[in-house]
Amino acid sequence: MRPDKPYREVTVATVGVGIVFGIILNAAICFAGLQIGFTIVGCTVAAVVGFGTLRGILRQGSILEVNIFQTVASCVNTVNAGIIFTVPVLFILGKEHEINYPALVLAGIGGAFLGVAFIIPMRKQILDFERLRFPEGVATAAILKAPGAGIRKSVLLVVGIALSATTAVGVLRGWLPEEVDLGKILHLPPAITGRLAISLLSLGAGYLAGSHGLAVLYGAFLNYWFLVPVCLFLGWVPTEYLGQSVWFQGPEGLPDYQAGSAFVAVFRKFTSRHVGIGMILGGAIAGIIVAAPALKAALGSLRSAKSTGEREEVSFNILVLVMVVGGALVLLAAKLAGGEAVTWLTALLVAGAGIAWLWVAGLVVAQTTGRTDWSPLSGLALIATAIMMGIMGTDDRFIVPAVTMGAAVCVATSMAADMMTDLKSGYLVGGRPARQQLCQLATCWIGPGVSILVVWGLWNTYAFGPNQAKILYDRAVQENRLAEHEEAGGSETKLPKGVPELGAPQAGALQGAISLGQAKDVPRDKYLTGAFLGLVMSLLVSPGLGVLVGLSMYLDFHFLLAFGIGCLLNMLVSKLKSAHYAEDTGVPLAAGLIVGDALSGIVHAGYKIANSLL
Amino acid sequence: MNLLLRLIFIIGVCLATVGSAGFHDPFKSGHAADKGGLYETWAPALFSAGLGVIVVGTLVRRSVRQQVAIAGTERIAAARDSILALLSCVRDKVADLGDSAVRLDREELCTRVDHLLNQEYFDLVEKREDLIQLAGFNDFARIWDGVAAAERLLARVWSMATDGYLREAVQELPRALSNLDRALAATRQVWPTT
């Protein structure tokens with residue numbers, strides 16, 4: 001850094017390189033996401049690359065400049081989660097010829113604008129007043145602050161990264177197990193799951209959440225250790241499990257842990273996820289009710305001009321303009337996607353409902369990400385699609401517009417979580433929120449087109465989904481190159497050599513939800529009672545409780561247990577040493593655990609891509 | 001009493017969650033011969049009972065808090081004074097830092113800001129929930145707005161100083177100070193007698 005030059009924060013070069021890196025990350029994670037079934041947020045990876053490029057190679061990046069770099073890069077990248085959770089289902093359902101690609105891109109861009117614009121007024125409430133942790137944001141700030149953090153903290157950060165990266169690679173390569181079945185070791189009944197994920201990322205996130213994240217563990221025990229056995233006893237389980245005991249005794253009278261795990265997975269789909277999503281919604285609505293005065297004050301202060309000093313938030317007029325543009329794009333997308341089947345009035349209803357839901361979903365995801373680093377993105381996308389089908393109808397011709405709107409909602413919610421995470425790391429390093437917000441608004445429109453292009457490209461080149469092999473086989477037949485296809489090892493059930501396996505598992509979940517919707521088999525009452533319970537819990541017992549307990553009913557036990565152990569570790573260290581020590585020593589180490597896992601995920605994704613293409 | 005209250009809430013949540021799990025067509029669980037049943041038999045009763053227990057727990061907690069508030073006036077005053085003392089201490093340290101910053105080199109400035117953020121500011125943040133209880137959320141927000149803005153500006157001072165930009169870093173200190181003054185002024189409006 002050269003103090004004779006002005007202090008660098010937002011520069012054209014930083015934003016430009018951030019966009020380029022974001023596009024590369026977006027494309028890579030789209031591919032990897034269709035393969036492995038989940039995406040990587042990328043803030044920490046972007047921070048590491050920005051640090052290495054701007055400070056290491058170019059020798060001119062300031063801490064705040066690298067913060068802007070990672071804000072832009074993660075903004076352009078993050079939308080891929082919203083796209084790959086929704087759009088692939090249209091191809092899998094055989095509707096690729098009905099897709100209106102301009103509508104899809106417009107929906108993605110509109111969703112991105114709305115997601116960012118809607119969450120910005122909540123910044124003070126979420127970051128300043130509630131001080132939600134945003135573990136990924138804390139980890140990103142730890143990277144940004146590494147130059148001045150001192151040897152001790154830097155060593156702790158690197159140790160955390162090395163530990164986590166080694167463990168993650170070990171799990172990905174099969175050298176370490178993905179999980180340990182503590183239930184089997186402790187001879188618990190098979191219906192009471194005790195699986196613990198070998199995930200140092202979850203452990204680190206739990207440590208950073210501390211005692212405030214413990215509700216996640218309570219929810220996990222409520223669902224998996226109480227609700228599952230009680231429902232089994234009452235017979236409130238799918239027919240095939242009626243009369244089954246918690247011991248799941250096999251033919252030799254021994255507990256069958258595999259059968260028990262299979263039942264728990266089925267019960268999650270039958271009950272837990274629906275009640276959990278309902279609780280999250282109810283908890284989020286309670287949060288809005290509680291935060292309404294603060295939100296009103298925040299909007300008021302956005303409207304009033306700053307008399308001294310620089311504006312903290314982006315101006316109210318810009319936000320309103322972005323919301324209007326975003327809303328118009330979503331409306332246009334709804335009409336274009338539906339074509340003649342959707343009137344302008346229906347498009348207005350659909351867009352209005354979608355935008356309202358998008359606002360609530362953005363708040364939900366900001367809360368859950370802020371407390372745990374997890375977000376029920378796919379669950380919220382399922383509900384968005386169900387709402388759209390509820391308005392338009394469950395006919396086949398409405399699936400494309402419903403999923404298009406679902407994509408807008410999903411992109412918006414991922415952008416809301418990303419904006420808050422970036423603002424958290426900005427808070428910790430002293431970034432001006434208005435500058436980060438402007439950079440995000442200026443670049444959020446780029447990602448959706450990139451993700452959609454990648455998905456389209458992958459479909460046309462490799463196909464994807466559970467029937468990928470059959471689809472490629474049929475294409476070979478149609479194009480008169482069956483002999484060549486079979487020579488490369490391809491058949492109706494086997495992929496030819498050189499074609500990566502792209503299972504697109506998230507699309508499978510959405511496909512299941514669409515089928516439920518069309519069969520009018522949505523468990524609406526479980527959602528409603530869950531929502532009411534979540535509302536009551538958050539309003540009467542403890543703020544945010546409904547969201548956390550609902551999230552833990554929605555997610556898989558083995559990650560929740562790792563997260564909960566992290567929370568308990570923080571509390572133990574605080575008790576044995578001091579809260580200062582737990583923060584000073586524990587935070588860099590925990591941040592390193594998060595960064596290491598993310599980095600190894602990216603490297604593994606790159607390795608898989610290179611392997612399949614060569 | 002805390003333990004009893006927690007137990008009441010846990011029982012309420014457990015009952016209501018089990019009730020919620022019964023809100024499906026009993027045919028799906030093989031409990032009805034024909035499709036078309038509404039809910040499992042005990043589901044609505046369990047759900048309502050759970051909600052009822054939660055409401056009872058809330059009323060008990062409210063009553064206990066009112067009694068504690070009446071009986072613990074001195075304790076409340078002590079808690080409030082402790083927070084005000086911490087806030088004043090932080091303000092004075094930032095003012096002192098502003099006065100002496102021109103004489104400090106990069107490392108000294110970073111060390112002092114780091115110490116302030118990790119010690120006094122950390123202690124103040126630990127009292128955040130006490131402040132919400134004492135002042136109510138709206139008044140807490142008026143006070144904390146300045147505290148949070150100042151914390152962010154101090155982090156900015158640290159970052160700029162770490163990057164070697166001492167002059168720019170020092171220019172942020174008066175802004176941090178004015179935000180802390182704003183927070184203190186808000187406390188005087190909330191508690192005029194202090």
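Just so it is clear: chains get the letters A, B, ... in the order the sequence lines come, proteins before strands, and each one is counted from 1.
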With rounding to the nearest 0.5 Å, note down the distance linking [atom1] in [X] to [atom2] in [Y].
{"X": "A/I63", "Y": "B/M160", "atom1": "CD1", "atom2": "CE", "result": "10.5 Å"}
{"X": "A/K124", "Y": "B/W144", "atom1": "NZ", "atom2": "CH2", "result": "14.5 Å"}
{"X": "B/F23", "Y": "A/W236", "atom1": "CZ", "atom2": "CH2", "result": "8.5 Å"}
{"X": "B/E126", "Y": "A/S574", "atom1": "CD", "atom2": "OG", "result": "8.0 Å"}

Can you tell which of [options] has the highest number of heavy-atom pairs within less than 4.5 Å of chain A?
{"options": "B/T162, B/V18, B/V157", "result": "B/V18"}
{"options": "B/L154, B/V55, B/L5, B/T17", "result": "B/T17"}
{"options": "B/A16, B/A21, B/A149", "result": "B/A21"}

B/E151/A/R131 salt bridge by N-O under 4.0 Å criterion: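 Salt bridge between A/R131 and B/E151, a charged N being under 4.0 Å from a carboxylate O: yes.
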With the threshold set at 4.0 Å, does a side-chain nitrogen-carboxylate oxygen contact exist between B/E172 and A/R432?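 Looking at B/E172 and A/R432, the cut-off is met.
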From CA spacing to verdict: side chain to side chain contact (heavy atoms under 4.5 Å, CB included), A/R8, B/D163: CA-CA 10 Å; A/R8 296 168 63 98; B/D163 287 330; over 6 Å; no
Take atom [atom1] in [X]; do more than 12 heavy atoms of anything else shown fall under 6.0 Å from it?
{"X": "B/E108", "atom1": "CD", "answer": "yes"}
{"X": "A/R524", "atom1": "CZ", "answer": "no"}
{"X": "A/R152", "atom1": "CZ", "answer": "yes"}
{"X": "A/F532", "atom1": "CZ", "answer": "no"}

Does any backbone or side-chain atom of [X] lie under 4.5 Å from a heavy atom of chain A? Answer side chain, backbone, both or neither.
{"X": "B/R128", "answer": "side chain"}
{"X": "B/W158", "answer": "side chain"}
{"X": "B/C14", "answer": "both"}
{"X": "B/R62", "answer": "neither"}

So which of [options] has the biggest tally of heavy-atom pairs under 4.5 Å with chain B?
{"options": "A/D128, A/V549, A/L127, A/N67", "result": "A/D128"}
{"options": "A/L545, A/N223, A/T271, A/L227", "result": "A/L227"}
{"options": "A/G278, A/S542, A/A141, A/P433", "result": "A/P433"}
{"options": "A/P523, A/G431, A/G530", "result": "A/G431"}

So what's closer than 4.5 Å to chain B heavy atoms on [X]: side chain, backbone, both or neither?
{"X": "A/D584", "value": "side chain"}
{"X": "A/F270", "value": "side chain"}
{"X": "A/L540", "value": "both"}
{"X": "A/E240", "value": "neither"}

Please step through side chain to side chain contact (heavy atoms under 4.5 Å, CB included) for the pair B/E40 and A/L234, ending with a clear verdict. CA-CA 10 Å; B/E40 298 284 3; A/L234 291 172; over 6 Å; no
So does [Y] get a backbone contact from the side chain of [X], meaning a donor-acceptor N/O pair under 3.5 Å?
{"X": "B/R156", "Y": "A/Y427", "answer": "no"}
{"X": "B/S159", "Y": "A/V429", "answer": "yes"}
{"X": "B/R152", "Y": "A/G426", "answer": "no"}

So B/H24 and A/H274, side chain to side chain contact (heavy atoms under 4.5 Å, CB included) or not? Walk me through it. CA-CA 11 Å; B/H24 57 247; A/H274 308 300; over 6 Å; no
Members of residues 41-54 of chain B whose heavy atoms come closer than 4.5 Å to chain A: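 The residues closer than 4.5 Å to chain A, in numerical order, are B/W42, B/A43, B/L46, B/F47, B/L51, B/I54.
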Applying a criterion of heavy atom separation less than 4.5 Å, what residues of residues 114-125 of chain B form contacts with chain A?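 Counting heavy atoms that sit under 4.5 Å from chain A, the residues of residues 114-125 of chain B involved are B/N118, B/Q119, B/F122, B/D123, B/V125.
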Would you indicate whether the side-chain heavy atoms of B/V13 and A/Y218 approach each other to under 4.5 Å?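 SC-SC contact between A/Y218 and B/V13 ruled out.
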